[in-house]
Protein chains: 2
Amino acid sequence: MNASIQAEIKQGKPFESLEQEAFLALLWTADRLQWRLTEALKPQGLSPTQYNALRILRGAGKQGLACSEIAERMITRDPDITRLMDRLGRMGLVHRGRGDEDRRIVVAKITPKGADLLKQLDPVIRQFLHSLLGHMGEKKLNSLLDLLDKAATSAS
Amino acid sequence: MNASIQAEIKQGKPFESLEQEAFLALLWTADRLQWRLTEALKPQGLSPTQYNALRILRGAGKQGLACSEIAERMITRDPDITRLMDRLGRMGLVHRGRGDEDRRIVVAKITPKGADLLKQLDPVIRQFLHSLLGHMGEKKLNSLLDLLDKAATSAS
DNA sequence: TCACAATAATCGTTATAACGAATATAATTC
DNA sequence: GAATTATATTCGTTATAACGATTATTGTGA
């Protein structure tokens with residue numbers, strides 16, 4: 001069982017514990033999936049982090065989002081939002097302004113150019129995800145979600 | 001179902017597809033687990049990547065391993081093994097030499113100091129993994145492994 | 001209201017990752 | 001056996017991540 005992951009992580013010895021095996025399998029699988037996403041986004045010149053941030057901003061709509069709120073919603077925790085927004089700003093995909101009520105806050109919004117880019121990417125990503133995970137079927141994907149949720153409980 | 005992951009990745013909208021939801025949950029969970037590992041290794045001054053490489057070299061034993069073989073066994077694919085070994089070498093945890101038969105090859109071996117460090121870490125990591133994932137029980141961990149294996153098939 | 005703590009973001013610096021090009025050696029082909 | 005191709009690693013460079021310290025603004029308690 002689980003022969004292929006064990007084969008890929010060519011360990012000389014078997015795993016010391018089931019917990020360790022599951023831990024390694026999770027990180028390994030995530031790394032491979034992210035690698036595929038990186039490849040899929042490369043033609044557009046976006047990194048997964050940048051893509052994730054853009055999607056978050058699209059979800060926030062016209063009112064935009066504070067940098068700290070973007071950080072909370074990112075997949076990978078605690079990136080440097082300031083410089084991430086700097087880069088997206090230089091590409092013309094987002095713009096920023098100070099908050100009116102609380103002048104400490106910087107609110108970022110997606111630009112029309114950024115929204116267009118995402119719209120163009122939507123079918124590509126949908127297709128990409130389907131080709132990666134579609135073969136698992138609804139039942140197994142739901143089980144996976146359930147188990148991932150449990151695996152994350154002690155870690156978040 | 002899966003309320004907590006969905007809550008944590010505070011999306012304004014629900015997920016577009018089950019595939020997308022599973023993909024995000026996998027990356028998100030892996031990021032959190034890796035973050036915890038990073039914290040656990042910090043007192044020893046090791047990054048997860050360095051720890052992973054050291055373990056691989058311990059598994060290889062006295063004959064050591066070629067850089068290219070280390071790369072194949074790493075959890076995160078394609079790091080710059082040369083410079084990774086440079087750093088571990090500077091710390092005195094590994095040493096390197098050219099292969100005798102094939103002089104293109106550089107063979108890395110773990111040093112006694114490196115082995116000692118790992119031995120010291122072993123109980124810490126075992127405890128760490130148990131506290132993270134032990135609550136899931138054998139059955140669920142096996143299911144998770146099985147599903148991760150399936151999720152990885154199209155990505156590797 | 002004034003000092004003090006809390007929060008939001010920025011920036012300086014160092015370390016690491018990512019991408020290619022370059023180097024050295026080995027294998028293969030004609 | 002000389003030229004070519006493949007392999008293993010290194011290295012130069014740029015971009016990004018990680019860690020702390022800093023600045024600006026707001027909230028709070030004496």
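Each chain gets a letter, A, B and so on, in the order the sequences are listed, and its residues count up from 1.
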Connected hydrophobic set around B:I105, excluding itself, where side chains approach under 4.5 Å: B:V107

Donor-acceptor pairs under 3.5 Å, side chain of residues 85-93 of chain B to any protein atom, not counting sequence neighbours: which ones?
| from | atom 1 | to | atom 2 | distance (Å) |
| --- | --- | --- | --- | --- |
| B:D86 | OD1 | B:R96 | NH1 | 3.3 |
| B:D86 | OD1 | B:R96 | NH2 | 2.5 |

Output one letter per nucleotide in nucleotides 3-11 of chain D: B when a protein non-hydrogen atom lies under 4.0 Å from the base, S when only the sugar-phosphate is that close, - when neither is. ---BBSSBB

What residues join B:W35 in its hydrophobic cluster, counting side-chain heavy atom gaps under 4.5 Å, either direct or through other members? none

State which residues pass side chain to side chain donor-acceptor pair (under 3.5 Å) with B:E39; sequence neighbours excluded, sorted by chain then number. B:K42

All pairs passing salt bridge (charged side-chain N to carboxylate O under 4.0 Å, His left out) where residues 111-137 of chain B contributes a residue, at least two apart: A:E16-B:R126, B:R58-B:D122

Those residues of residues 38-45 of chain A lying under 4.0 Å from DNA chain C by at least one heavy atom: A:K42

Just distance, no hydrogens or angles: give the donor-acceptor pairs under 3.5 Å from side chains in residues 60-68 of chain B, sequence neighbours left out.
none

Test side chain to side chain donor-acceptor pair (under 3.5 Å) applied to B:T82 - qualifying residues, sequence neighbours left out: none

Along DNA chain C, first and last positions that approach a heavy atom of chain B under 4.0 Å: C:dT16 to C:dA26

Distance (rounded to the nearest 0.5 Å) between A:T29 OG1 and A:Q34 CD: 13.0 Å

B:R103: partners by salt bridge (Lys or Arg N to Asp or Glu O under 4.0 Å), with sequence neighbours left out: none

Within the structure shown, what part of the strands sits under 4.0 Å from A:S47 by heavy-atom distance: base, sugar-phosphate, or nothing? nothing

With sequence neighbours excluded, what pairs up with A:E19 under the side chain to side chain donor-acceptor pair (under 3.5 Å) test? B:H130

